[in-house]
J.: 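One structure coming up, written as structure tokens, with questions to follow.
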Amino acid sequence: GRQGGVLTSHFTSFGVSVDTTWEADLWGRLRSATRAALAELQATVATLRAAHLSIVGQTAKTWFAIAEANQQAKLADQTVKSFRHSTAQVRERYEQGLRPSLDLRLSLANLASAEAALEMRHQQLDAATRQLEVLVGRYPGLNITTPTQLPDPPKAIPGGLPAELIGRRPDLIEAEHQIAALNERLNISRRELYPRLSLTASGGTATKGLKDLLNHNFSVWTLVSGLVQPLFQGGRLRANIDHSASRVEEAIAGYAQTALAAYAEVESALAAESFLANREAFLKTAVEQSRAAERLAEERYRSGLEDFITVLEAQRRAFTAESTMIQERRLRLENRV
């Protein structure tokens, strides 16, 4: 139109465009990337499973530690009561002039040591109980029911299991998937040397007026392709190949080391099962004989046939043997875990 004698024109444009690019996977580079990502995901899943198993194992061991602490506290309490009874008898004989003051002092010292041991056992039970509450996600306020006895060990492990057990280990499963992922990353590095074919589609609207837009006369579509040759920047791509290959070799060496460590752990645990069972049986005999010797020493002391030092030694041996047997039962259960 004409305004103030000046010729003018009016043009309105509305436009929206969307560009999308596809790469034709001529050499399998993208497929390798997908497989690498999947292998890395599987390795991460194995790591998560290992964490779950670790938590389960720690919870079971803490449960057994609480059971042992309860039994040790019960034994310490019984020992204190027994030593108090012995001290009362020694005091009576001392006051009657039948025994020297040395016997009374030794008895009082023995009793005080037993009372200190009882406090230590209570502290261990307290700490183990709070640890279990933390493991199960509860406030460590001693508000949980705890076991009072260690269970009997499970049945003996059958022979020929190491290879089967190794195959279940999450650390080895993780290492296997890591090797697979690195192999695929190596393939990606090699295929970076090949040219890439890209397809770009551009779709959108362009119009010179609102009327055309409302009449749907505004579509513009283009499809272009291009073959891109990789740029060799100072040998960077070939250096990436060497680096990826080195990582694969490192992962394989790490897997071999992990496998050896796994076999060593499993074989050691299986061997320890037999040693611990034999040791527990011997300790059971030691407890029986020590208790019998303690009773005999006390009888001979009351009859005036034995010194009190012999009674103290017999008491100490009996207490130590039973305490060690309880600990050994817990170690045997932990080994199975």
J.: Could you report the tightest heavy-atom contact between A269 and N335, atom names first, then the distance?
T.: O-ND2, 2.9 Å
J.: Got a second to check how far I179's CD1 is from E184's CD, nearest 0.5 Å?
T.: 13.0 Å
J.: Is E322 salt-bridged to R291, cutoff N-O under 4.0 Å?
T.: yes
J.: Between E174 and R49 (salt bridge meaning N to carboxylate O under 4.0 Å), is one present in this structure?
T.: no
J.: Heavy-atom count around E250 CD within 6.0 Å, excluding the residue itself: above 12?
T.: no
J.: How long is the span from the CG atom in D242 to the CG atom in L237, to the nearest 0.5 Å?
T.: 11.5 Å
J.: So, using ring-ring contact (aromatic ring centres under 6.0 Å, His included) as the criterion, who are the partners of F308 when residues are at least two apart?
T.: Y301
J.: Distance-only, no hydrogens or angles: does the S274 side chain make a donor-acceptor pair with backbone N or O of L270 under 3.5 Å?
T.: no
J.: To the nearest 0.5 Å, tell me how far L283 CG sits from I326 CD1.
T.: 11.0 Å
J.: Output yes when E299 and R295 qualify as a salt bridge under the 4.0 Å nitrogen-oxygen rule, no when they do not.
T.: no
J.: Are the side chains of S323 and L75 in touch, meaning some heavy atoms are under 4.5 Å apart?
T.: yes
J.: I'd like to know if R329 and E280 make a salt bridge, using a cut-off of under 4.0 Å between side-chain N and carboxylate O.
T.: yes
J.: CD/E273 to OG/S268 distance, rounded to the nearest 0.5 angstrom?
T.: 13.5 Å
J.: Please confirm whether the backbone N or O of A109 pairs with a side-chain atom of S113, one donor and one acceptor, at under 3.5 Å?
T.: yes
